[in-house]
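Numbered from 1 within each chain, the chains take letters A, B, ... in sequence-line order. All values below were derived from every heavy atom in this structure, side-chain atoms included, with hydrogens, water molecules and symmetry-related copies excluded.
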Amino acid sequence: MKRAFFERPVLEVARDLVGCTVRHDNAAGVIVETEAYHDSEPACHAFVGLTPRTATLFEPPGRAYVYRSYGVHAMLNAVAEPEGVGAAVLIRALEPVAGIDAMRERRGLDRLEDLCSGPGRLTQALGIGLDLNGTDLLTGPIRVEPRAPGWRERVLATAPRVGITKAVELPWRFTAEGSRFVSRPRPRAGALA
DNA sequence: CATGGGATTGACT
DNA sequence: GTCAATCCCATGC
């Protein structure tokens, strides 16, 4: 993955990350669902400006923004756009492709579809914790790798983002159409990107 | 310094 | 479908 990939409009990065691979600690999955967040809209953490919590979002593109959700779960984002712009792509679901036994162990579950089909689930499956906030996705412990041949053809669906209360109308969620590894709620077929 | 609210999940009715 | 868990941090007094 090249640095320039992340230094682009966050909607483009969100779309193009579907089909790429996330790897950590000998486990990996192909991204099947993303959401875009940008400091110009109130659902984004960076909307409030530069604070200790949001600092990573304004850092150079290609870094990991990892934060705690509901006091329980770790959420993994890829920082996008030039340094100084608060924007990131939330990785919401993966199709497991490597280290599946390790994932099952960390999740305490067997079903392949339950391992990484949600933002809190995939961080647990990959062993990604808050300590990795700010690390580099090109050189650090978490790696994002380009699409394998064939994923270019995959059809994307757009939908409203999940679990937010502001800017709910923006269709900034992207899913690999028909994938059984997408998190709930599964978007209706038809709204193609 | 007190308070409220999550970019969720899993267990339970 | 409903609901609690759990904790950091932004905000307001």
Side-chain angles (χ1 to χ4, degrees), chain A residues 6 9-15 17-18 20 22 29 31-59 61 63-81 85-96 103-135 137 142 144 156-176 180-187 193:
Chain A
F6 296 101
V10 69
L11 286 174
E12 292 181 22
V13 178
R15 262 196 298 260
L17 274 176
V18 176
C20 296
V22 178
I31 299 171
V32 295
E33 175 179 357
T34 62
E35 286 177 2
Y37 289 87
H38 189 276
D39 60 16
S40 61
E41 46 91 12
C44 183
H45 292 167
F47 184 70
V48 299
L50 181 58
T51 68
R53 185 195 192 196
T54 63
T56 305
L57 287 167
F58 294 91
E59 288 176 5
R63 296 192 186 179
Y65 169 53
V66 186
Y67 70 95
R68 187 182 297 289
S69 173
Y70 289 91
V72 180
H73 307 285
M75 311 285 261
L76 172 65
N77 299 252
V79 174
E81 310 235 0
V85 180
V89 176
L90 172 66
I91 312 297
R92 284 194 58 89
L94 307 176
E95 175 173 342
M103 291 183 181
R104 289 191 167 120
E105 178 117 5
R106 282 189 281 247
R107 294 274 298 130
L109 294 167
D110 277 349
R111 270 186 86 240
L112 208 54
E113 293 85 354
D114 293 334
L115 296 178
C116 299
S117 57
R121 294 174 172 187
L122 71 91
T123 54
Q124 185 185 23
L126 292 182
I128 294 172
L130 299 181
D131 53 312
L132 296 178
N133 182 40
T135 58
L137 296 172
I142 312 170
V144 175
L156 289 191
T158 58
R161 294 174 292 182
V162 177
I164 55 171
T165 58
K166 297 168 222 168
V168 293
E169 71 284 0
L170 297 177
W172 285 8
R173 181 190 187 199
F174 302 94
T175 60
R180 53 189 220 283
F181 299 97
V182 167
S183 75
R184 291 193 295 216
R186 289 278 274 288

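Within residues 36-47 of chain A, the residues that have a heavy atom under 4.0 Å from DNA chain B are, in order of number, A/Y37, A/A43, A/H45. Interface residues of residues 110-121 of chain A facing DNA chain B, ordered by number: A/G118, A/P119, A/G120, A/R121; criterion, heavy-atom separation under 4.0 Å.
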Please test A/M75 against A/V66 for side-chain contact (heavy atoms from CB on, under 4.5 Å), starting from the C-alpha separation and ending with a verdict. CA-CA 5 Å; A/M75 311 285 261; A/V66 186; over 6 Å; no
Determine, stepwise, if the pair A/T51 / A/T54 fulfils side-chain contact (heavy atoms from CB on, under 4.5 Å). CA-CA 5 Å; A/T51 68; A/T54 63; 3.3 Å; yes
Test log, rule side-chain contact (heavy atoms from CB on, under 4.5 Å), inputs A/N77 and A/V89: CA-CA 5 Å; A/N77 299 252; A/V89 176; over 6 Å; no
Go through it in stages, so that I can follow the logic: the residues are A/I31 and A/V22, the test is side-chain contact (heavy atoms from CB on, under 4.5 Å), and I'd like the CA-CA distance, side-chain angles, deciding distance and then a yes or no. CA-CA 7 Å; A/I31 299 171; A/V22 178; 3.6 Å; yes
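Within the 4.5 Å cutoff, no side-chain heavy atoms of A/V168 are placed close to those of A/P160.
In terms of the side chain to side chain donor-acceptor pair (under 3.5 Å) criterion, A/E105 has no residue partners (sequence neighbours excluded). Under the rule for a salt bridge (Lys or Arg N to Asp or Glu O under 4.0 Å), the partners of A/R111 that lie at least two apart in sequence or sit in another chain are A/E113, A/D114. In this view, A/Y67 and A/H45, A/Y65 satisfy the ring pair (Phe, Tyr, Trp, His ring centres under 6.0 Å) rule, not counting sequence neighbours. A/E81 pairs by the side chain to side chain donor-acceptor pair (under 3.5 Å) definition with nothing, not counting sequence neighbours. Taking the salt bridge (Lys or Arg N to Asp or Glu O under 4.0 Å) definition, one finds that A/R104 meets it with A/D101, sequence neighbours left out.
Residues A/Q124 and A/R106 have side chains that never bring a donor and an acceptor to within less than 3.5 angstrom of each other.
Applying the salt bridge (charged side-chain N to carboxylate O under 4.0 Å, His left out) rule to pairs touching residues 119-135 of chain A yields nothing, sequence neighbours excluded. Contacts classified as salt bridge (charged side-chain N to carboxylate O under 4.0 Å, His left out) and involving residues 159-173 of chain A (residues at least two apart or in different chains) are given here: A/E33-A/R173, A/E41-A/R161.
Residue contacts for A/L90: at a heavy-atom cut-off of 4.0 Å it reaches a base atom on one of the strands shown. Using a 4.0 Å heavy-atom cutoff across all strands shown, A/R173 reaches no nucleic acid atom at all.
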Pick out the pairs of N or O atoms, protein on one side and nucleotides 6-10 of chain C on the other, that lie under 3.5 Å.
unit_1: C/dT6; atom_1: O2; unit_2: A/Y70; atom_2: O; d: 2.3
unit_1: C/dA10; atom_1: OP1; unit_2: A/T51; atom_2: OG1; d: 2.7
unit_1: C/dA10; atom_1: OP1; unit_2: A/R53; atom_2: N; d: 3.1

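The outermost nucleotides of DNA chain B lying under 4.0 Å from heavy atoms of chain A, listed 5' to 3', are B/dG6 to B/dG10.
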Secondary structure string for DNA chain C (Watson-Crick or G-U under 3.5 angstrom, | for other-strand pairs): |||||.||||||.
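On the P atoms, C/dT6 is 15 Å away from B/dC12, given to the nearest whole Å.
The shortest heavy-atom contact between A/V182 and A/V32 is CG2-O, 3.8 Å.
Looking at which nucleotide of DNA chain B each of A/V162 and A/L109 is closest to, the 5′-most match is held by A/V162.
Under the 3.5 Å distance criterion, the side-chain polar atoms of A/S69 are left unmatched by any main-chain donor or acceptor of A/A74.
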